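Reminder, nothing fancy here: chain letters follow the sequence lines and each chain counts from 1. Please read these numbers as outputs of a predicted model, since none were measured by experiment.
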Amino acid sequence: MKCPRCHSQVQPNAEHCEFCGFNSSVLCSKLGDHWVRLDRLTDPANCLRLGERRILESSLDEFERRFPQVFFAVYFGVLPQSFSSSEVAFWLLNHAAFGTQEITKRNEYGVVLVVDPSASTASFGLGYAIEMMASEIEAERILRLMSPHLLKGDYGRAVQTAINQLDKALRKIGKSSLRDPRVSSTHALATDLGLTPLRTPARTALVDQEPSNYRLD
Amino acid sequence: MNRSSFRVFFKATFALTFTYGLILGSEIDRVLPLPEWQAPEVGVNPISARAPILNGTPLIPSALLTAEDLQDLPPMLPAEPPSLNAQIDEERDFDLSLFLPDSLLGKPLHIEEQVLPTPAGEFRALDDSFIHTCRLSPPDCYLIDPDTHVSETQREDLSRFLEFHNRDAKISAYVVVTDRDQTIPEGVDLSQIGSGILTSRDSCLVVYPLGEPWRARVFLSNSVHRKADAGYLKSLIDDCATDAKEVTDPLEQMHRFTVRLSIRLFWLEKVTHAENPSLAEASMPTLGPVDTENREAALTASMVRESQVENSNPKKWIIGMCVLLSLIALVASVWAWVAIHHKRLRTHVWMLPEVEAAPRLGGVFSGGGGASIHYR
Ligand SMILES: [Zn+2]
């Protein structure tokens with residue numbers, strides 16, 4: 001494990017980084033300890049075009065359907081110099097409620113991609129559960145595959161690559177079973193509890209579109 | 001039968017044809033009114049109406065015939081069919097054989113004609129266009145027949161024969177077919193016949209006047225000519241011609257000539273291509289009918305072998321088909337796999353195992369796991 005700030009190796013169970021003293025409370029003192037609500041695709045830096053965004057929403061819906069426990073969120077933003085993208089990813093996973101398709105997804109199963117187009121940095125933050133299955137090496141590999149698109153400013157394609165690669169990696173780990181609509185969809189359950197999803201799915205019906213069929217409008 | 005009888009015969013034939021037309025045209029009658037026979041018109045040609053030579057339907061409708069007329073008519077079905085010979089005498093002033101087969105005219109089917117050589121003064125020299133066509137003939141065309149004297153079937157047979165000869169012979173044989181009275185003009189260069197193939201390998205060119213095998217002229221490549229004994233070459237031509245003269249049919253003659261030539265060239269090849277020609281010459285046999293049969297038998301066997309080789313091509317086709325089917329099967333399985341994969345992606349969910357992880361760096365859901373890159 002690496003420290004989000006200084007990228008030094010961190011011992012499991014370590015309460016703070018031995019080299020820079022980083023931990024959650026240090027970050028919370030600057031960013032706050034409150035919970036924030038965030039869309040799956042948050043783009044204050046305006047990196048994504050509308051068409052790209054629409055396609056990515058569809059891909060994310062499909063991704064979440066295939067992996068009912070997992071969500072993938074993306075944040076494009078120009079960050080203050082005092083924060084690195086990996087620090088923001090760390091903070092978001094611990095303090096954000098993402099507008100996923102199903103509200104019952106837990107952040108341990110979350111993957112957050114933070115891209116700072118100004119600093120040209122990109123970071124993956126992995127929840128504890130995902131971290132146990134998709135290693136940091138895998139995360140680095142996916143980032144390397146994304147980097148040509150990021151370099152060209154083709155953010156839509158970069159995110160699509162990330163979704164496809166993550167999909168592939170998790171399929172190797174997960175146990176495949178036929179989708180049972182009564183069990184896999186927790187919409188009904190959430191509605192029964194009087195809860196409404198933070199956001200509605202981009203697609204109400206399944207669309208026979210492979211996530212890899214990424215195209216720009 | 002005299003001339004007037006002939007006129008009667010022709011009129012009757014015309015009438016018969018016309019009647020047949022009337023029967024066929026009965027359907028048309030309803031639409032197109034045909035002229036009706038009037039009593040005066042009947043009298044115009046009494047012979048045709050009353051005395052048809054050949055049995056058939058009378059030309060004039062029966063209603064117009066009187067009882068007297070009917071008495072004159074011959075019975076409708078005679079006991080024996082009339083013979084044309086009985087009605088056509090030998091003094092006819094035109095040649096019926098142009099229209100009727102010999103058998104119907106009572107002639108024998110085949111007449112052995114006495115073949116006379118073309119008189120010396122009646123030879124025609126081959127014209128330039130003939131020679132030019134011979135020169136343009138492709139190297140693999142062994143039977144050169146610009147004026148198409150040889151029928152298609154015979155041509156096929158001879159070409160195949162020459163093809164098989166040339167396949168395993170060191171002296172290839174080419175045959176140019178001319179009309180029986182044609183000769184090669186003086187000073188013509190024959191070496192360029194067959195697109196120049198004759199100069200590029202040991203060859204034998206025969207200019208064969210169809211029907212006069214004794215006038216066939218045989219040309220050999222210099223390399224062969226030098227090595228061969230003049231006496232042998234003369235005996236070669238004589239032998240071929242003699243064998244050809246055994247039969248009278250011009251095409252059969254040429255066939256025999258060619259087969260004999262093939263045998264002779266085969267022996268000539270042994271002389272010219274042997275390391276010690278004199279020894280080979282000494283052992284050269286005289287040819288008898290048995291040799292001809294052997295040679296033909298050998299060539300037939302060769303042709304059978306060839307056809308078997310050709311028949312083995314289907315095996316290649318089968319292999320080709322198998323390869324094609326395998327490819328199709330491969331493409332189909334890839335397609336099926338992709339389809340199944342897509343279906344699985346649509347209809348399956350992947351559940352990840354539940355794991356317990358000790359918190360790290362104070363994070364409740366994430367301990368900073370992940371990766372970063374600087375992409376510029
Ligand atoms: Zn550190």
Using a 4.5 angstrom heavy-atom cutoff, name the option from [options] with the most pairs to chain B.
options: A:R5, A:E136, A:E138; result: A:E136
options: A:L27, A:L143, A:V10, A:N13; result: A:L143
options: A:E15, A:E108, A:Q69, A:H16; result: A:Q69
options: A:Q11, A:E140, A:M1; result: A:M1

Any side-chain donor-acceptor pair under 3.5 Å between [X] and [Y]?
X: B:D157; Y: B:H255; result: no
X: B:S151; Y: B:T153; result: no
X: A:N94; Y: B:S366; result: no

Please state whether the side chain, the backbone, both or neither of [X] comes within less than 4.5 Å of a heavy atom of chain B.
X: A:H7; value: side chain
X: A:K175; value: both
X: A:A89; value: neither
X: A:V112; value: neither

Worksheet item: Where do B:E156 and B:R160 land on the salt bridge (charged side-chain N to carboxylate O under 4.0 Å, His left out) test, with the steps shown first?
Response: CA-CA 6 Å; B:E156 188 79 13; B:R160 276 178 77 85; 5.3 Å; no
Worksheet entry | Any residue of residues 122-132 of chain A which, by heavy atoms, sits under 4.5 Å from chain B |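 Under the 4.5 Å heavy-atom cut-off, A:A122, A:S123, A:F124, A:G125, A:L126, A:G127, A:Y128, A:A129, A:I130, A:E131, A:M132 qualify.
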Worksheet item: Hey, are A:E62 and B:R346 close enough for a salt bridge, meaning a charged N less than 4.0 Å from a carboxylate O?
Response: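 Not counted as a salt bridge, because no side-chain N and carboxylate O are separated by less than 4.0 Å.
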Discussion item. Please determine whether a side-chain nitrogen of the Lys or Arg among A:R65 and A:D61 lies less than 4.0 Å from a carboxylate oxygen of the Asp or Glu.
Written reply: no
Fill in: Proximity of residues 368-376 of chain B to chain A, residues having a non-hydrogen atom under 4.5 angstrom
B:G368, B:G369, B:G370, B:A371, B:S372, B:I373, B:H374, B:Y375, B:R376
Discussion item. With rounding to the nearest 0.5 angstrom, report the CD1 to CD1 distance, A:I55 to A:I163.
Written reply: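 So the CD1 of A:I55 and the CD1 of A:I163 are separated by 11.0 Å.
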Discussion item. Are A:F90 and A:F22, when compared by the centres of their aromatic rings, separated by less than 6.0 Å?
Written reply: yes
Worksheet item: Using the benzene-type ring in the case of Trp, are the ring centres of A:Y109 and A:F71 under 6.0 Å apart?
Response: no
Item to complete: Report the C-alpha separation of A:D116 and A:S85 in whole Å, then their side-chain angles, then the decisive distance to 0.1 Å, and conclude whether the side chain to side chain donor-acceptor pair (under 3.5 Å) test is met.
Response: CA-CA 7 Å; A:D116 183 345; A:S85 55; over 6 Å; no
Worksheet item: For B:W335, does the CH2 atom have more than 12 heavy-atom neighbours from other residues, nucleotides or ligands under 6.0 Å away?
Response: no
Worksheet item: Is there side-chain contact between B:E269 and B:I171, with heavy atoms separated by less than 4.5 Å?
Response: yes
Practice prompt. State whether A:F63 and A:R66 meet the cation-pi test: NZ (Lys) or CZ (Arg) under 6.0 Å from the six-membered ring centroid, and within 45° of the perpendicular axis.
Written response: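 Verdict for A:F63: no cation-pi partner in A:R66.
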Practice prompt. Against chain A, label B:E354 side chain, backbone, both or neither, depending on which of its atoms sit under 4.5 Å from a heavy atom there.
Written response: both
Fill in: side chain to side chain donor-acceptor pair (under 3.5 Å) between A:S86 and A:S84, intermediate numbers included
CA-CA 5 Å; A:S86 49; A:S84 70; 3.1 Å; yes
